[in-house]
2 protein chains.
Amino acid sequence: MEFVERRSGISLWRQIADQIRIAISNGEFKETNMLPGELALAKRFEVNRHTVRSAIASLAREGVVQVEQGRGTFIARHTRLQYPIGRRTRFSAGLAGQTRTLSGTVRESRIEEAPVNVADALALDAGAPVLRLVRVSMADGVPLSRAISWFDAARFPDFAERLEKQRSITAVLKSFGVDDYVRISTRISAHHADPQTLEDLRLSPGAIVLRTEAINAEVDGRRVEYSNTYFAADRIELDIDHGTASAGM
Amino acid sequence: MEFVERRSGISLWRQIADQIRIAISNGEFKETNMLPGELALAKRFEVNRHTVRSAIASLAREGVVQVEQGRGTFIARHTRLQYPIGRRTRFSAGLAGQTRTLSGTVRESRIEEAPVNVADALALDAGAPVLRLVRVSMADGVPLSRAISWFDAARFPDFAERLEKQRSITAVLKSFGVDDYVRISTRISAHHADPQTLEDLRLSPGAIVLRTEAINAEVDGRRVEYSNTYFAADRIELDIDHGTASAGM
DNA sequence: TATGATTTGTACGTATGTATC
DNA sequence: AGATACATACGTACAAATCAT
């Protein structure tokens, strides 16, 4: 007996779909790997069976469940990828072993004048030329994240060109003589996805993104990268690395 | 000219409200501290003025904006609280200085048999008696978070009674001889709020919560607390502390 | 003080989507 | 599948409040 709210601007089938999604990710049905019957769900949410059917149909469209006539509704996937965040955060290495394939494509790349927040983060003067890079990552054919990064264009002149030939940001930075860099700041928040992110991550309206706002710097403190990354929240969770028990020794 | 999707299970006014919320938190209107007029917004989202009015009405109910006839619609709050997360995460201390008042109330408190995930986190045997505590925190009269914590009931027998007299978890633990404890693990994810959390945090359906799943332990490694905390995502962001630049020395 | 321009508030009618029975 | 009720969305018109001139 759970609650759905009418006149909330969100249709009942949508609220029920969201709650079933939550229940799945909480592992509620992992013993049988299938949902209860439509009548049982209708009773649980106190709605008509047809409303539950609409909810399940939308989950099936998303690929969260698979419906088989006469047998039941089966859960397709129920675990999130784990993305480790620490002083030594590296995108590909962090997800290694959790996916079969992992790729990244550059969506936009242009030089612009640094807005104040970017200039602050990179310790540049506002208006200084910076490279703005938008990349979308895919794991096993499904979009995972949309990242907007900024780099000092004066220090890394042909960054974009080099990225076409190299595999990763880390490799390109190395070619510029940046042998090592560490995460010095990460802020995490959650939002409804904006329209552009919805499209790039193939999400439907109302979907959630986890946003990380991060600064990477060399060990001497020189700022290297400022990034805003939007992760599809139902596909990933962030695992914070607090360092060793002996306080970083 | 932005996009709203029809027949998506989320009403247009709701999608528009969400997008305006995003725009506000991106600082889009911070020069004037007010929204564009209803007609301008209707043009931007390509909907009727009444649809925009519904969106604004819901934002006004939430306290995000204030409407004044003949003058315009003003933004009430546009910054999120910053909650620092590091090895030494403490709830009250972390938000000190950002709010006028900060309080926490216990919603539930009972002994139960540890489910497997709780037993794992506290390094107990499954089924061992644990204290399950649900607390809701409020900042300046607005709910911030709902936290479910588990403690070893054998080691901390009258924890709940002591908490009624003490101010904080830290104080109660101290009374049990736990002089210090550190965060050894934090996992962060984002979800649609479940019905109970919606109610406790006074959110409307479709609202987002940031979830932190955390383990606190003494410096010798003995587990002290396992917690799942749900933060109202539009009221807070998490600020990860990566330790000192010299790698913890 | 008066007037017009701009902004939000209210009212009516119609069409379509959602949910129940 | 058909009937009913209510929510959502659009269109139009006008009222009320605010502000600049």
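The sequence lines fix the lettering, A, B, ..., with proteins before strands; numbering per chain opens at 1. Computed from a predicted model, the values in this text were never measured in an experiment.
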Quick tally for nucleotides 2-15 of chain C: nucleotides whose base has a protein heavy atom under 4.0 Å get B, sugar-phosphate-only ones S, the rest -, giving -----BBBBB----
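No option in B/V142, B/I236, B/L102 other than B/I236 meets the side chain to side chain contact (heavy atoms under 4.5 Å, CB included) test with B/L81.
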Using residues 131-138 of chain B as the side-chain source, report each donor-acceptor pair under 3.5 Å to any protein atom, sequence neighbours left out, with the distance given to one decimal.
from, atom 1, to, atom 2, distance (Å)
B/R135, NH2, B/S149, OG, 3.2
B/S137, OG, B/S145, N, 3.3
B/S137, OG, B/S145, OG, 2.8

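Between B/E237 and A/R187, at least one side-chain nitrogen of the basic residue sits less than 4.0 Å from a carboxylate oxygen of the acidic one, meeting the salt-bridge criterion.
B/P143 and B/A232 get closest at one heavy-atom pair: O-CB, 4.5 Å. Counting all heavy atoms, side chain and backbone alike, B/Y230 lies closest to B/T197 at CB-CG2, 4.0 Å.
In this structure, A/W13 atom CH2 and C/dT20 atom P are separated by 14 Å, rounded to whole Å. Atom CD1 of B/I10 is separated from atom P of C/dG17 by 17 Å (rounded to the nearest Å).
A donor atom on one side chain and an acceptor atom on the other are not found under 3.5 Å apart for A/T51 and A/N48.
Nucleotides of DNA chain D lying under 4.0 Å from heavy atoms of chain B occupy a range whose first and last members, 5' to 3', are D/dT8 to D/dC19.
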Using the side-chain contact (heavy atoms from CB on, under 4.5 Å) rule, take B/E164 and B/V106 through it: C-alpha gap first, then chi angles, then the decisive distance, then the call.
CA-CA 9 Å; B/E164 285 173 24; B/V106 173; over 6 Å; no
side-chain contact (heavy atoms from CB on, under 4.5 Å) assessment of B/L210 paired with B/Y83: CA-CA 12 Å; B/L210 262 174; B/Y83 185 65; over 6 Å; no
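Shown here, C/dT1 forms no base pair; nothing in the strands shown gives a Watson-Crick or G-U wobble contact with both key distances under 3.5 Å.
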